[in-house]
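Heads up: the structure comes next, in structure tokens.
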Amino acid sequence: MTAGAATAVDVALVQICLQLLSLHPSIALACAMCVGAAGGMSVNFFLSRRFVFASDGRRPHQQFLTFFAVSLSTAMLRLAIAYGLVSLLSLALFAPLLILPVSLPAERLAHLGAVGIVTIYSFLAHRHFSFAGGFRSRLLTRTTMVS
């Protein structure tokens, strides 16, 4: 439910921004996705810390820094996938989808597809890094187990 709430905030912000921004579609998509990622990340951190993952003993700001780094990687991956999907949707095969009565239909559909594709990566990365002691702890644990 927490991821769903964060995703709802992200998707709503992106859709609103795509409606309001009067920029080139590629730039509008990037700006909108950055705004959506920031809003979704904030909601996701506070809800996940409170309801989903057990405390790993770090202070909230330390945990947030790791969470931010993971969220940044998630946002970059989502942006790359969204641009790939925009290219795919520009093929003649998908032309009927692009007559939807909304502005920037390819960008809107690409964003939704990218969110769906990246969701599992995001959950696993937050589970194994953000709420499991951070990068340093995970790397030291891996090094110790190999030795």
Side-chain angles (χ1 to χ4, degrees), residues 1-89 94 97-98 100-147:
M1 288 178 63
T2 61
T7 300
V9 168
D10 182 327
V11 169
L13 287 172
V14 170
Q15 298 303 312
I16 290 167
C17 286
L18 286 175
Q19 186 66 36
L20 298 176
L21 293 173
S22 60
L23 303 169
H24 186 276
S26 294
I27 296 169
L29 180 61
C31 292
M33 287 182 71
C34 287
V35 169
M41 178 190 64
S42 300
V43 169
N44 196 7
F45 176 73
F46 292 110
L47 293 178
S48 292
R49 191 170 198 292
R50 174 74 173 104
F51 298 110
V52 179
F53 298 107
S55 174
D56 64 3
R58 293 182 299 148
R59 293 183 179 150
H61 74 276
Q62 292 171 317
Q63 212 169 30
F64 182 78
L65 289 175
T66 305
F67 192 92
F68 179 77
V70 169
S71 294
L72 187 60
S73 73
T74 300
M76 299 299 255
L77 179 60
R78 195 174 343 145
L79 193 59
I81 290 171
Y83 277 105
L85 290 173
V86 167
S87 295
L88 181 66
L89 290 171
F94 297 104
L97 292 175
L98 303 180
L100 294 171
V102 295
S103 62
L104 304 173
E107 287 74 9
R108 290 173 187 272
L109 292 171
H111 172 252
L112 294 174
V115 166
I117 292 168
V118 176
T119 297
I120 293 171
Y121 163 79
S122 177
F123 174 79
L124 292 173
H126 286 306
R127 179 178 176 199
H128 292 289
F129 293 103
S130 299
F131 297 102
F135 296 110
R136 181 178 294 147
S137 174
R138 295 297 292 180
L139 292 174
L140 290 175
T141 301
R142 295 278 184 216
T143 304
T144 304
M145 289 198 292
V146 173
S147 298

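Heavy atoms only: backbone and side chains are in, while hydrogens, waters and symmetry mates are out.
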Self-check item: Which residues share a side chain to side chain donor-acceptor pair (under 3.5 Å) with D10, sequence neighbours left out
Solution: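 Scan of D10 (side chain to side chain donor-acceptor pair (under 3.5 Å), adjacent residues dropped) gives R78, H111.
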Within this structure, what is the [atom1]-[atom2] distance for the pair [X] and [Y], rounded to the nearest 0.5 Å?
X: R127; Y: L124; atom1: CZ; atom2: CG; value: 7.0 Å
X: L23; Y: L29; atom1: CG; atom2: CG; value: 11.0 Å
X: H61; Y: T66; atom1: NE2; atom2: OG1; value: 10.0 Å

Self-check item: Enclosure of F94 CZ (heavy-atom neighbours >12, cutoff 6.0 Å)
Solution: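 Result for CZ/F94: enclosed.
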Quiz item: More than 12 foreign heavy atoms under 6.0 Å from CG of L20: is that the case here?
Solution: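 Atom CG in L20 is packed in, count exceeds 12.
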Side-chain ([X]) to main-chain ([Y]) donor-acceptor, under 3.5 angstrom:
X: S122; Y: V118; answer: no
X: Q15; Y: A12; answer: no
X: S48; Y: F45; answer: no

Nearest heavy-atom pair of [X] and [Y]: which atoms, and what distance?
X: I27; Y: Y83; result: N-OH, 4.4 Å
X: L13; Y: V35; result: CD1-O, 3.8 Å
X: L79; Y: M33; result: CD1-SD, 3.5 Å
X: V43; Y: A5; result: CG1-C, 4.2 Å
X: A106; Y: V86; result: O-CG2, 4.0 Å
X: V14; Y: A32; result: CG2-O, 3.3 Å

Exercise. Given side-chain contact (heavy atoms from CB on, under 4.5 Å), test L85 with L88 step by step and report yes or no.
Key: CA-CA 5 Å; L85 290 173; L88 181 66; 4.2 Å; yes
Quiz item: When the ring planes of F67 and H126 are compared, do they come out parallel, tilted or perpendicular, using 30° and 60° as the limits?
Solution: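 F67 vs H126 ring planes: parallel.
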Exercise. Take the angle between the ring planes of F64 and F46 and call it parallel below 30°, perpendicular above 60°, tilted in between.
Key: parallel
Quiz item: Are any non-hydrogen side-chain atoms of N44 and V9 less than 4.5 angstrom apart?
Solution: no
